[in-house]
There are 2 protein chains.
Amino acid sequence: MSDTPDRVRFTTALHDRDAWSAAACSMDRAVKLIGKRSNMLLLREAYYGSTRFDEFVRRTGLSEPVVANELRHLVEEGLLTRVPYQDAGDRERLAYRLTDMGRDAFVPVVALMQWGDKWLAPEGPPVELSHSACGSAVTVSVRCTEGHDLTVRDVTVRPGRGATRRASTTSPH
Amino acid sequence: MSDTPDRVRFTTALHDRDAWSAAACSMDRAVKLIGKRSNMLLLREAYYGSTRFDEFVRRTGLSEPVVANELRHLVEEGLLTRVPYQDAGDRERLAYRLTDMGRDAFVPVVALMQWGDKWLAPEGPPVELSHSACGSAVTVSVRCTEGHDLTVRDVTVRPGRGATRRASTTSPH
DNA sequence: TCTCTCACTATGGAAAGCCTAAGTCATCCG
DNA sequence: CGGATGACTTAGGCTTTCCATAGTGAGAGA
């Protein structure tokens, strides 16, 4: 039973695991960009509907300097945009709104939430997500385009278009 | 067009966003546990088949002290186990193997990888994942149990079993 | 026994991430 | 004009996260 290795498979090009590096790994880049707690919390609040500075401060529990800094970064990196708006009898303000890039990060955020619900919340999940239209529960899953649900063992890894274009740290010849 | 808010909906119990806190958020817990770069890289290498200390060091590019520390943490937290093994004519060693908890973290890891592929890899993804059995591409998606693909806007949030059990930081009465 | 490798541990230091507390600045309200 | 408010910035400090370098200890092979 412990004979089947608990890992992905590789195509022949990648079979020698020491002959290529994962230095340009997209997950690594993603973690460097949005992997920190402050960014994740800010994104969560954006999904929960926050658009204003003080909402983000109040609802994430982060300090003002951190929120100011990280919101600026998220805007620079393209996950949020500032759009001006004006409430009645109030001066013009800026709202932080999700871009497509920020909206897409909903998937990893919910994936982490789901994993935390399963493994770190013995008393049950603090919040539950459902599909507004049909009411059934929300799950994040790894699937192929044919619709099969996949685990680590079902996946094969092969080099992509961006492979070793740069960062061919290893394999000199 | 910018009229539809780009966020989840809430059930009436959560409608006053300032009357409840997301302090016990599962995503926050998950990020605190596995959100750091070193942990994510170690998990990636575990999915790529690494089991030994020196493999993790070589393939993540992390330093030995960090790998030693983080592997210990991952074992304590239950994502990995150490199992003894012995190669022919070699002394007994310990291999780090994924537990169910660690295997489940494949979902957020691949979700981050996919997001990075889409938004941070203009030259194309460094590696591509496919379903070994049918060959079609791998995707991570947020769906309901009825099979509908969901975005932020399609999701409703309601309090779960673990809500305000503790951490009812707000709503004093 | 001597050396080698593997799997660590110890030490010291740079950088990042977060905090509190205290401004700043523009605008609106009275 | 004077105070309140919202959205920040500045200053200073603590803690975590990483790194590099240099050990240590245990078993295998010569």
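The figures that follow rest on heavy atoms only: side chains count, while hydrogens, waters and symmetry mates do not. Computed from a predicted model, the values in this text were never measured in an experiment. To find a chain, count down the sequence lines: A is the first, B the second, and so on, and within it residues start at 1.
The shortest distance between side-chain heavy atoms of B/T60 and B/S38 does not fall below 4.5 Å.
Straight-line distance from the CG atom of A/L80 to the P atom of D/dA7: 15 Å, rounded to whole Å. When the P atom of D/dT9 is taken as reference, atom NE2 of A/H73 falls 11 Å away, rounded to whole Å. Between the CZ atom of B/R93 and the C1' atom of C/dC8 there is a distance of 12 Å, rounded to whole Å. Spacing between atom CG of B/N69 and atom P of C/dA7 amounts to 17 Å, rounded to whole angstrom units. Nucleotide C/dT5 holds its C1' atom 13 Å from the CZ atom of B/R58, rounded to whole Å. When rounded to the nearest whole Å, the span between CG of B/L71 and C1' of C/dC6 equals 14 Å. In this structure, the CZ atom of B/R72 is 14 Å from the P atom of D/dT17, given to the nearest Å. Taking atom CD on B/E55 and atom C1' on C/dT5, their separation rounds to 15 Å, with Å as the unit.
As judged by a 4.0 angstrom heavy-atom cut-off over every strand, A/F56 is placed among residues making no nucleic acid contact.
In terms of modelled atom types and a separation under 3.5 Å, the side chain of B/R44 and the main chain of B/N39 share no donor-acceptor contact.
Judged as a salt bridge (charged side-chain N to carboxylate O under 4.0 Å, His left out), and not counting sequence neighbours, the contacts of A/R58 are A/D54, B/D18. Residues passing the side-chain hydrogen bond (donor to acceptor under 3.5 Å, both in side chains) test with B/S132, sequence neighbours excluded: A/T156. The ring pair (Phe, Tyr, Trp, His ring centres under 6.0 Å) check on B/Y48 picks up A/F10, A/W20, with sequence neighbours excluded. With sequence neighbours left out, B/D104 forms a side-chain hydrogen bond (donor to acceptor under 3.5 Å, both in side chains) with A/K118, A/W119. Contacts of A/E55 classified as side-chain hydrogen bond (donor to acceptor under 3.5 Å, both in side chains), with partners at least two apart in sequence or in another chain: none.
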Determine all donor-acceptor pairs shorter than 3.5 Å in which one atom belongs to a side chain in residues 71-81 of chain A; sequence neighbours excluded.
| from | atom 1 | to | atom 2 | distance (Å) |
| --- | --- | --- | --- | --- |
| A/R72 | NH2 | A/N69 | OD1 | 3.1 |
| A/T81 | OG1 | A/R97 | O | 3.4 |

Exercise answer: donor-acceptor pairs, residues 137-152 of chain B side-chain atoms, under 3.5 Å, sequence neighbours excluded:
| from | atom 1 | to | atom 2 | distance (Å) |
| --- | --- | --- | --- | --- |
| B/H148 | ND1 | A/H131 | ND1 | 3.3 |
| B/T151 | OG1 | B/R153 | N | 3.4 |
| B/T151 | OG1 | B/D154 | OD2 | 3.2 |

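For the segment residues 41-53 of chain B, the set of residues with a heavy atom within less than 4.0 Å of an atom of DNA chain D is empty.
In this structure, A/Y96 reaches the D/dC8 phosphate: one of its side-chain N or O atoms is under 4.0 Å from OP1 or OP2. For A/R82 and D/dC8, the shortest distance from a side-chain N or O to OP1 or OP2 is below 4.0 Å.
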All N/O pairs under 3.5 Å across the protein-nucleotides 16-19 of chain C interface:
| from | atom 1 | to | atom 2 | distance (Å) |
| --- | --- | --- | --- | --- |
| C/dG17 | OP2 | A/K36 | NZ | 3.3 |
| C/dC18 | OP1 | A/S38 | N | 3.4 |
| C/dC18 | OP2 | A/S38 | OG | 2.7 |
| C/dC19 | OP1 | A/G61 | O | 3.4 |
| C/dC19 | OP2 | A/S63 | N | 2.9 |
| C/dC19 | OP2 | A/S63 | OG | 3.0 |

